[in-house]
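Report on the following structure.
Every chain is numbered from 1 and lettered A, B, ... according to where its sequence line falls, protein lines coming before strand lines.
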Number of protein chains: 2
Amino acid sequence: MPTFDGTDARILLALIKDSRQTVVAMAERLGLSRNTVQARMAALEKREVFLNFDHRVNTAALGYPLTAFISVHVQQQKLQQLGTALAAIPEVVEAHGLSGRADLLVRVVSKGAEDLFRVNGKILACEGVERTETSLAMNELVPFRLTPLLERELDK
Amino acid sequence: MPTFDGTDARILLALIKDSRQTVVAMAERLGLSRNTVQARMAALEKREVFLNFDHRVNTAALGYPLTAFISVHVQQQKLQQLGTALAAIPEVVEAHGLSGRADLLVRVVSKGAEDLFRVNGKILACEGVERTETSLAMNELVPFRLTPLLERELDK
DNA sequence: TGCTAGTCTGCGCATTATGCCTACTTTTGA
DNA sequence: TCAAAAGTAGGCATAATGCGCAGACTAGCA
């Protein structure tokens with residue numbers, strides 16, 4: 001049973017505040033015993049609460065300052081192979097199949113405008129792709145965050 | 001100058017393989033000295049290559065199995081305040097201002113279909129929002145990954 | 001009421017990592 | 001070619017880790 005309680009939330013929130021802090025530090029900060037925190041962490045890990053480290057890497061700092069979301073309209077039958085075709089493009093960082101009209105939302109990073117144009121071309125060239133619609137991410141209106149969701153669990 | 005070389009890439013790739021491995025372990029795995037890895041890590045951190053820990057948390061495991069992308073069309077003048085209005089909705093996990101026609105792309109998580117409907121309503125109720133268009137993420141065609149980009153840096 | 005299972009606690013122990021230091025060598029680039 | 005930057009090697013005190021174990025405290029259940 002993947003139960004998730006307030007203590008787990010507090011541990012995650014502590015990690016968000018400082019991801020490099022040690023288990024002992026968290027234990028005393030949270031008023032828990034070291035063993036508890038350690039056991040909880042192990043449990044969280046086993047329940048796959050932690051995603052790949054990739055997620056924590058800033059693409060801008062890697063030399064890819066531009067992020068774009070590309071809507072891709074495809075012929076439904078070709079969806080499977082399209083997955084591998086898209087995965088072959090390094091700049092494709094993430095792709096979701098969407099409900100609604102049979103299409104995809106592809107997250108792409110690039111070094112600049114021309115580069116983005118080139119990547120878009122690579123996507124268009126994939127078997128099964130009918131058309132694409134590129135939207136450049138201009139700003140982060142709400143930067144990725146889970147703290148509000150976690151704080152909601154605190155009283156449990 | 002935010003230079004990023006092959007060694008940095010190797011360090012990040014090692015972290016992606018096992019994010020909990022120690023500095024000494026990485027050093028011997030990569031054939032570098034402990035000091036080098038430590039210095040590199042510090043430099044990466046200073047250059048803000050690492051994002052918040054939030055990014056590594058699996059929302060599904062937290063009890064929010066659904067992810068949706070909501071396109072939000074807004075009156076441009078109201079963009080600023082809309083940022084704070086959206087930030088007040090816990091299920092809004094991320095929001096980008098976009099170029100092109102759809103003004104905002106909002107990433108939302110929810111506990112289920114009804115919940116998603118409710119969240120969409122909250123977004124619609126925000127001052128300045130004209131209409132929204134919800135797409136449910138059905139599958140991860142390409143799960144988030146940066147390894148191809150990093151491997152590209154290896155030979156440098 | 002008493003049993004059981006699960007969790008949290010507190011403690012100890014050996015091993016290992018960390019942070020910081022100095023000195024020396026290699027690489028880099030102006 | 002020379003100077004600056006980066007890497008290597010080693011040491012050292014402190015601290016964290018992984019592990020085990022016994023006891024306390026709940027909660028569910030017959």
Side-chain angles (χ1 to χ4, degrees), chain A residues 1-54 56-58 60-63 111 149-156, chain B residues 1-58 60-63 149-156:
Chain A
M1 323 286 105
T3 22
F4 183 83
D5 68 357
T7 309
D8 292 311
R10 292 174 66 213
I11 291 177
L12 291 185
L13 284 168
L15 276 175
I16 288 170
K17 266 207 217 98
D18 175 9
S19 63
R20 292 180 63 81
Q21 96 192 269
T22 69
V23 174
V24 274
M26 287 181 52
E28 60 187 33
R29 201 156 310 184
L30 300 180
L32 299 170
S33 91
R34 181 169 80 90
N35 276 345
T36 305
V37 177
Q38 223 157 16
R40 293 287 188 140
M41 292 272 284
L44 290 172
E45 202 149 6
K46 205 174 65 189
R47 275 189 260 142
E48 301 187 313
V49 175
F50 301 122
L51 302 171
N52 320 341
F53 190 81
D54 303 58
R56 284 204 59 196
V57 178
N58 185 350
L62 253 57
K111 290 183 183 296
L149 285 182
L150 289 170
E151 279 160 3
R152 180 187 269 179
E153 306 285 329
L154 279 187
D155 40 348
K156 295 189 187 167
Chain B
M1 322 286 104
T3 22
F4 182 85
D5 67 359
T7 308
D8 292 312
R10 291 174 66 211
I11 291 177
L12 291 185
L13 284 168
L15 276 175
I16 288 170
K17 267 208 214 100
D18 174 9
S19 62
R20 293 179 61 82
Q21 96 193 266
T22 70
V23 173
V24 271
M26 287 180 52
E28 62 188 31
R29 200 157 310 183
L30 300 180
L32 298 171
S33 92
R34 179 168 81 90
N35 278 342
T36 304
V37 177
Q38 225 158 13
R40 292 287 188 143
M41 292 272 284
L44 290 173
E45 202 147 7
K46 205 173 66 187
R47 275 189 260 144
E48 303 187 310
V49 175
F50 301 123
L51 302 171
N52 320 340
F53 190 81
D54 304 58
H55 291 268
R56 284 206 58 197
V57 178
N58 183 351
L62 254 55
L149 284 182
L150 289 171
E151 278 159 3
R152 180 186 271 181
E153 305 287 328
L154 280 186
D155 39 347
K156 294 188 190 169

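Distance, B/Lys46 NZ to D/dA6 P: 9 Å, rounded to whole Å. The interatomic distance linking A/Leu32 (CG) with C/dC11 (P) rounds to 16 Å, in whole Å. If you take CE of B/Met26 and P of C/dT18, they are 10 Å apart, rounded to a whole angstrom. A straight line from CG of B/Asp5 to P of D/dA5 spans 17 Å, rounded to a whole angstrom. One can place CG of A/Asp18 at 13 Å from P of D/dA16, the figure rounded to the nearest angstrom. B/Glu45 has its CD atom 13 Å from the P atom of C/dT18, to the nearest Å. The CD atom of A/Gln21 sits 17 Å away from the P atom of D/dA15 (whole-angstrom rounding). Here the P atom of nucleotide D/dG7 and the CE atom of B/Met41 are 14 Å apart, to the nearest Å.
The phosphate of C/dC8 (OP1 or OP2) has no side-chain N or O of A/Thr36 nearer than 4.0 angstrom. Remark: B/Arg40 is in phosphate contact with D/dG7, judged by side-chain N or O atoms under 4.0 Å from OP1 or OP2. For the pair B/Thr22 and C/dA17, the criterion of a side-chain N or O lying under 4.0 Å from OP1 or OP2 is met.
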For this session: Could you please spell out the steps behind the side-chain hydrogen bond (donor to acceptor under 3.5 Å, both in side chains) verdict for B/Ser19 and A/Arg56?
Result: CA-CA 10 Å; B/Ser19 62; A/Arg56 284 204 59 196; over 6 Å; no
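Taking a 6.0 Å sphere around CD of A/Glu45, one finds it holds more than 12 heavy atoms contributed by other residues, nucleotides or ligands. Counted within 6.0 Å of CD on A/Glu151, heavy atoms from surrounding residues, nucleotides or ligands total more than 12; the atom is thus considered enclosed.
Distance CZ/A/Arg29 to NZ/A/Lys17: 7.5 Å, rounded to 0.5 Å.
Residue-to-nucleotide proximity on DNA chain C shows that, of A/Arg34 and B/Gln38, the 5′-proximal contact is made by A/Arg34.
You won't find any donor-acceptor pair under 3.5 Å spanning the side chain of A/Asn35 and the base of D/dG18, going by distance alone.
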